[in-house]
2 protein chains.
Amino acid sequence: MSGGLEIQPARRRGLTDEVAENIRQAIFDGSLELGERLNEVDIADRLQVSRGPVREALVQLKQEGIVTMEWHRGAFIVQLSADDFRELAGLRTVLEVFAIRQAAAAATQADLDNLAAAVKALSKAFVDQNDYVLIQLDVEFHDALYRSAHHERLWNAWSSIRSQVLLSLLTKRHASNEYYRDLVIAEHEELLRVISSRDARACEKAIRVHLSDTYDRLVSSFDSADVPPASGER
Amino acid sequence: MSGGLEIQPARRRGLTDEVAENIRQAIFDGSLELGERLNEVDIADRLQVSRGPVREALVQLKQEGIVTMEWHRGAFIVQLSADDFRELAGLRTVLEVFAIRQAAAAATQADLDNLAAAVKALSKAFVDQNDYVLIQLDVEFHDALYRSAHHERLWNAWSSIRSQVLLSLLTKRHASNEYYRDLVIAEHEELLRVISSRDARACEKAIRVHLSDTYDRLVSSFDSADVPPASGER
DNA sequence: CATGGTCTATTTGTTGACATCATGAATGTT
DNA sequence: AACATTCATGATGTCAACAAATAGACCATG
């Protein structure tokens, strides 16, 4: 009875996590405006819970960097500036270089399988899914990468910027359009390849290239326009 | 009226921060046993507050990695293992190399003054203070270093391991005795020097040496004994 | 008209009580 | 005696009401 069960510890979650997940999704899919104030009783009523879990959920989201909280003024959804983008790119690069080196050294076969599955999901969705889904799958590949490093505190550090990274990619998705069409699949396949080869040097190089390709376009998108070149924005 | 006021935003703190600070100090100074369970009503009664702020404070401490929380089982003070030490050393090195490079590039004169003040405080305390104070001042120097990087998210990442680093140094202080006597002052002075010189390469080298000197001794202290070589441990 | 002060409405911060769950002692069974 | 089951205990999770504080409207005054 010891073989391959692979269950997670059946973690029971309280309302706090439930509420946090709801708010998070609402931010990502645009139901909540950027910069908007989050009213505690409003959220509590809407989700049919009391304010306690809502408050704790907001604290959690604050730790993830997608809301800010001020004394007696409440919680606000962040609006990421160009400087924020640069900070995210810089810190993420540092973390991910470390992660991929650890992964190259410590990844198990199961880890490699997960990474391969993530790449496959990405290329499968590539043909008929919209950018929103693609970006989520992209980030999920990097989740698998961090997990392959088997480093709890590194994972926590990634968790504390993950939502911001996702939010930044989603809000600037118009700027990564061509990138996704041209390079995403190939680059992730390359990452999987170099990790499998366990060549730390090649890993570092590959991840730097990948992150540069991701972010150079994004930060420069601040120069040209702060909003999509789109038509009518209400 | 625009010149040099330099006030911090007069931040008002609630009971949550107050409680968190209390518990944190109690952990650091040994009033609370490692691994001990933290009873919410107990703490609330002792500090004359209700359980609300206590719960939020525990969540905060959980984010700092010095307590763990389990569903319906409560909060426990962490006990850092040898693997935890290795994780902390590895991640801290990555963050701090990044920090010192940013600091070398972006530190203002005020930053350098703060760093110098931190070194001075350390060497001043060196003659007549105990290890407990010395270690705190050591960490405060590194606070100043991270602040000099002017990188909000890097600071947050450091914050999320800072308490664990402090706790690990305090609990293993017997292993760093000779180190403090011999090297601490000189190495911190060296760090200040290379930052002032703004030589990124020299900075990286200096911080790697410093962290190696700090941690090599600590992780090896696990091999010899899990507890101080002391006499009767209850 | 601009400036400053007061006041009220709304929101957050905090509290104490109730509901739910985990633990372990006591009991019953094999 | 060993093991499974039941149940009491004490803790955490959640809730609804109260206290404190901010922001904006309103008014007075120069």
Side-chain angles (χ1 to χ4, degrees), chain A residues 1 7-24 26-27 32-79, chain B residues 1-2 7-24 26-27 31-79:
Chain A
M1 213 244 251
I7 54 172
Q8 50 262 30
R11 171 164 313 320
R12 320 204 50 164
R13 304 190 334 170
L15 290 183
T16 297
D17 289 349
E18 211 90 21
V19 173
E21 183 60 25
N22 268 322
I23 301 177
R24 212 180 282 122
I27 294 176
L32 294 171
E33 207 86 10
L34 296 186
E36 184 175 339
R37 177 174 187 167
L38 296 173
N39 187 312
E40 292 181 2
V41 308
D42 208 49
I43 297 172
D45 291 348
R46 204 178 306 234
L47 299 181
Q48 304 274 14
V49 297
S50 81
R51 280 178 51 217
V54 174
R55 281 180 68 85
E56 294 189 23
L58 289 175
V59 171
Q60 207 167 309
L61 297 178
K62 176 187 116 190
Q63 296 289 351
E64 294 176 18
I66 53 178
V67 312
T68 61
M69 297 182 73
E70 293 172 46
W71 166 265
H72 250 296
R73 288 209 47 213
F76 301 81
I77 301 177
V78 294
Q79 279 178 304
Chain B
M1 217 248 246
S2 63
I7 54 173
Q8 50 263 30
R11 79 168 60 281
R12 325 202 46 158
R13 304 192 334 171
L15 290 183
T16 298
D17 289 350
E18 211 90 23
V19 173
E21 183 59 25
N22 268 320
I23 301 177
R24 212 180 282 124
I27 294 176
S31 308
L32 294 170
E33 207 86 8
L34 295 186
E36 185 175 339
R37 179 173 185 167
L38 296 173
N39 187 313
E40 292 180 3
V41 307
D42 209 50
I43 297 172
D45 290 349
R46 204 177 303 234
L47 299 181
Q48 305 273 14
V49 297
S50 80
R51 279 178 50 219
V54 174
R55 280 180 68 85
E56 294 189 23
L58 288 175
V59 171
Q60 207 166 308
L61 296 178
K62 176 187 116 189
Q63 296 288 352
E64 295 176 18
I66 54 177
V67 312
T68 62
M69 298 182 74
E70 293 174 46
W71 167 265
H72 253 296
R73 290 209 47 213
F76 300 81
I77 301 178
V78 294
Q79 278 177 304

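No experiment lies behind these values; they were computed from the predicted model shown. Naming convention: chains lettered A, B, ... in sequence-line order (proteins, then strands); numbering from 1 in each chain.
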| Reading nucleotides 10-18 of chain C 5' to 3', which nucleotides get B (base under 4.0 Å from a protein heavy atom), which S (sugar-phosphate only), which -? | -SBBBB-B-

| query | Can you tell me how far the OG atom of A/S50 sits from the CZ atom of A/R55, to the nearest 0.5 Å? | reply | 11.0 Å

| Straight-line distance of B/L58 CG to B/T16 OG1, nearest 0.5 Å | 10.0 Å

For residues 41-49 of chain A, please give each side-chain donor-acceptor pair under 3.5 Å, one per line with the distance, not counting sequence neighbours.
unit_1 : atom_1 : unit_2 : atom_2 : d
A/D42  : OD2    : A/R46  : NH2    : 2.8

| request: Can you pull out how bent the helix from C/dC1-D/dG30 to C/dT30-D/dA1 is, comparing the axes over its first five and last five pairs, to 10°? | output: 10°

Donor-acceptor contacts, no H, no angles, side chain residues 59-69 of chain A, under 3.5 Å, sequence neighbours left out:
unit_1 : atom_1 : unit_2 : atom_2 : d
A/E64  : OE1    : A/R24  : NE     : 3.0
A/E64  : OE1    : A/S163 : OG     : 2.9
A/E64  : OE2    : A/R24  : NH2    : 2.8

When you compare the protein's N or O atoms with those of nucleotides 6-8 of chain C, which come within less than 3.5 Å of each other, and at what distance?
none

| said: Run the side-chain hydrogen bond (donor to acceptor under 3.5 Å, both in side chains) test against A/R37 and tell me which residues pass, sequence neighbours left out. | reply: none

